[in-house]
Amino acid sequence: MSKIQEEIKKRILVLDGAMGTMLQRYKFEEEDFRGERFKDFPHPLKGNNDLLSITQPEAVKSVHRAYFEAGADIVETNTFSGTTIGMADYHMEDLVYELNFQSAKIAREVADEFTDKPRFVAGSIGPTNRTASMSPDVNDPGFRAVNFDDLKIAYKQQVEALIDGGCDLLLVETIFDTLNAKAALFAIEEVKEERNIDISVMVSGTITDASGRTLSGQTVEAFLISISHIPLLSVGFNCALGADQLKPYLKRLGNNTSLNISAHPNAGLPNAFGQYDQTPEEMQQLIREYLQENLVNIIGGCCGTTPEHIKLIAEVAKEFKPRTVEKTHAFSQ
């Protein structure tokens with residue numbers, strides 16, 4: 001049994017908050033993203049947050065450190081867009097292995113600074129900016145911008161680099177298309193088999209709106225069934241919704257699985273300017289309800305959350321025991 005599998009039985013584990021929210025505070029401009037190494041790169045690089053692990057590593061380290069200091073047990077690597085598919089937007093496909101390796105290495109170095117309790121690094125595996133289930137062209141419903149094999153190859157490269165860089169577990173997150181996620185999970189299983197290793201895997205989907213479905217149209221129960229063939233540390237939801245909007249879907253998840261459940265909601269819903277206004281105190285109160293109702297084993301924050309949010313979430317998490325289940329539940333509405 002891995003260390004994280006031991007720890008998750010003892011207490012509610014706290015995941016970090018948003019990386020992008022924190023990096024935006026630096027107000028990095030084009031030259032900051034480029035650094036010395038890419039100063040003559042022929043394409044714009046501003047907005048490529050994953051690249052900052054190479055060009056601004058101290059900034060990325062400081063974000064990880066702030067979350068650990070706030071009480072996080074797990075930080076996510078700065079690799080949300082770290083596939084050849086995601087990096088194609090910046091013409092940086094050749095850098096994918098290095099980006100993921102360096103991001104994992106940075107997070108690992110910071111995690112090792114903290115010796116008061118076990119700290120973990122989760123390799124963040126985002127959904128890419130393409131969908132394998134749907135056509136981006138309304139005039140050609142059969143068209144696909146990416147297929148399963150393309151995704152599997154891209155994810156496999158990312159997974160290998162994240163493991164080589166020192167990740168303790170892998171987090172396939174913000175899943176809006178379960179077919180994309182299945183390609184990531186297939187790649188992970190392939191790497192595990194080839195290397196004869198075991199590494200814990202978290203899966204976190206995204207309910208996109210009040211329909212209660214993922215972007216590719218799956219209900220909570222369908223999403224769960226689609227990934228239930230893979231051995232997982234946890235299953236859960238993140239992004240798109242605030243803690244109060246996400247709660248009913250976590251309940252439905254809990255009614256249908258004996259797996260550990262994770263949640264990292266946004267700091268409320270965005271305002272007219274795309275900003276997140278929910279205060280750490282407001283979010284803490286909503287998370288307290290999760291814990292009172294025995295909904296989660298891993299709790300953190302997504303868009304708009306900061307170390308201040310995570311600090312208050314970590315404080316309230318200490319007051320409660322992790323979610324337990326008596327038996328595997330049958331699927332029910």
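A salt bridge links K192 to D198: at least one charged side-chain nitrogen sits closer than 4.0 Å to a carboxylate oxygen. Salt bridge annotation for E293-R288: absent, with no cationic side-chain nitrogen under 4.0 angstrom from a carboxylate oxygen. By the 4.0 Å N-to-carboxylate-O rule, K117 lies too far from E7 to be salt-bridged with it. Under a 4.0 Å N-O distance rule, the pair K39/E31 does not qualify as a salt bridge. Note on D73 versus R119: no salt bridge recorded, every NZ/NE/NH1/NH2 to OD/OE distance being 4.0 Å or above. Between K311 and E69 there is no salt bridge, since no side-chain nitrogen of the basic residue lies less than 4.0 Å from a carboxylate oxygen of the acidic one. A salt bridge links E98 to R37: at least one charged side-chain nitrogen sits closer than 4.0 Å to a carboxylate oxygen.
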Q | T55 and R34: CA distance, side-chain angles, deciding distance, side-chain contact (heavy atoms from CB on, under 4.5 Å) verdict | A | CA-CA 7 Å; T55 56; R34 289 175 174 270; 6.0 Å; no
Q: Take V75 and V110, measure what side-chain contact (heavy atoms from CB on, under 4.5 Å) needs, and give me the verdict at the end.
A: CA-CA 10 Å; V75 298; V110 178; over 6 Å; no
**Q.** side-chain contact (heavy atoms from CB on, under 4.5 Å) between T79 and L162, worked out
**A.** CA-CA 9 Å; T79 54; L162 289 170; 3.9 Å; yes
Q | Derivation and outcome, salt bridge (Lys or Arg N to Asp or Glu O under 4.0 Å), residues K156 and E194 | A | CA-CA 11 Å; K156 190 172 180 182; E194 287 171 5; 2.6 Å; yes
Q: With side-chain contact (heavy atoms from CB on, under 4.5 Å) as the test, would you mind laying out the steps for Y67 and M22 before giving the verdict?
A: CA-CA 10 Å; Y67 281 124; M22 296 298 290; 3.4 Å; yes
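Environment of CG in D209: crowded, with over 12 heavy atoms of neighbouring residues, nucleotides or ligands closer than 6.0 Å. Atom CD of E6 is surrounded by more than 12 heavy atoms from other residues, nucleotides or ligands within 6.0 Å. Counted within 6.0 Å of CG on N196, heavy atoms from surrounding residues, nucleotides or ligands total 12 or fewer; the atom is thus considered open. With a 6.0 Å radius and a threshold of 12 heavy atoms from other residues, nucleotides or ligands, K105 has its NZ atom at or below the threshold.
A 4.5 Å side-chain heavy-atom check between N260 and L233 finds at least one atom pair inside the cut-off. Contact annotation: the side chain of V159 approaches that of V191 to within less than 4.5 Å [non-hydrogen atoms, C-beta and beyond]. E30 places a side-chain heavy atom less than 4.5 Å from the side chain of P44. You'll find the side chain of L13 stays beyond 4.5 Å of the side chain of N297, heavy atoms only. Side chains of K247 and Y290 form a contact here, defined as non-hydrogen atoms less than 4.5 Å apart. Between L295 and R323 there is no side-chain heavy-atom pair separated by less than 4.5 Å. Considering only heavy atoms from C-beta on, V146 stays 4.5 Å or farther from T128 through its side chain. The shortest distance between side-chain heavy atoms of D168 and I4 does not fall below 4.5 Å.
Here the side chain of T83 pairs a donor or acceptor atom with the backbone of G86 at under 3.5 angstrom. Checked by atom type and distance alone, the side chain of D50 pairs as donor or acceptor with a backbone atom of G82 at under 3.5 Å. Side chain of D32 to main chain of E29: a donor-acceptor pair is present (N/O by atom type, distance under 3.5 Å, no hydrogens or angles). Without hydrogens or angle criteria, Q157 side chain to A154 main chain gives no donor-acceptor distance under 3.5 Å. In this structure, N180 contributes its side chain and P127 its backbone to a donor-acceptor pair below 3.5 Å. The closest donor-acceptor contact from the side chain of H64 to the backbone of V121 lies at 3.5 Å or more, if one exists at all. Side-chain N or O atoms of Q158 include none that pairs as donor or acceptor with a backbone N or O of A184 at under 3.5 Å.
In the model, Q5 has a side-chain atom that pairs as donor or acceptor with a side-chain atom of S2 under 3.5 Å. With hydrogens and angles left out, the side-chain atoms of Q102 and S53 include no donor and acceptor closer than 3.5 Å. Between D164 and Y97, the side chains place a donor N or O and an acceptor N or O closer than 3.5 Å (distance only, hydrogens not considered). Of the N and O atoms on the side chains of S204 and N238, at least one donor lies less than 3.5 Å from an acceptor on the other residue. Between Q218 and S226, the side chains place a donor N or O and an acceptor N or O closer than 3.5 Å (distance only, hydrogens not considered). Checking Y26 against S62 by side-chain atom types alone, a donor-acceptor pair falls below 3.5 Å. Neither side chain, T305 nor N266, offers a donor N or O lying under 3.5 Å from an acceptor on the other. A side-chain donor from one of E173 and S124 sits under 3.5 Å from a side-chain acceptor of the other.
Ring-plane geometry between F114 and F68 is classed as tilted, the angle between the planes lying from 30 to 60 degrees on a 0 to 90 degree scale.
In this structure, L312 CG and E281 CD are separated by 5.5 Å, a value rounded to the nearest 0.5 Å. Taking CG from L286 and CG from D244, the interatomic distance works out to 5.0 Å, rounded to the nearest 0.5 Å. Note that OG1 of T208 is 8.0 Å distant from CG of L241, once rounded to the nearest 0.5 Å. Atoms NE2 and CD1, on H264 and I287 in that order, are 11.5 Å from each other to the nearest 0.5 Å. With values rounded to the nearest 0.5 angstrom, I298 atom CD1 is found 10.5 Å from I12 atom CD1. Between the CG atom of L51 and the NZ atom of K46 there is a distance of 14.0 Å, given to the nearest 0.5 Å.
Across all their heavy atoms, G20 and N49 have their closest contact at CA-ND2, 4.0 Å. For the residue pair C167 and T77, the shortest heavy atom distance occurs at SG-CG2, 3.8 Å. Of all heavy-atom pairs between T84 and E93, the closest is O-CG, 3.4 Å. Scanning all heavy atoms of the two residues, the minimum distance from A240 to T206 falls at CB-CG2, 3.5 Å. Shortest non-hydrogen contact noted between V235 and T257 is CG1-CG2, 4.3 Å. Nearest heavy-atom pair, P57 versus I106, reported as atom, atom and distance to 0.1 Å: CB-CD1, 3.8 Å.
Both V14 and L291 are part of a single hydrophobic cluster, where members link through side-chain heavy atoms under 4.5 Å apart. L99 and L171 fall into different hydrophobic clusters, where Ile, Leu, Val, Met, Phe, Trp and Tyr residues are linked whenever their side-chain heavy atoms come under 4.5 Å apart, directly or through other members. Note: the hydrophobic cluster containing I175 also contains I85 (ILVMFWY, side chain heavy atoms under 4.5 Å, direct or indirect links). Residue I54 is grouped with residue L23 when hydrophobic side chains (ILVMFWY) are merged at heavy-atom distances under 4.5 angstrom, including chains of intermediate members. Both I197 and Y155 belong to a common hydrophobic cluster when Ile, Leu, Val, Met, Phe, Trp and Tyr are linked at side-chain heavy-atom distances under 4.5 angstrom.
Checked against the 6.0 Å centroid threshold, F223 and F237 count as a close aromatic pair.
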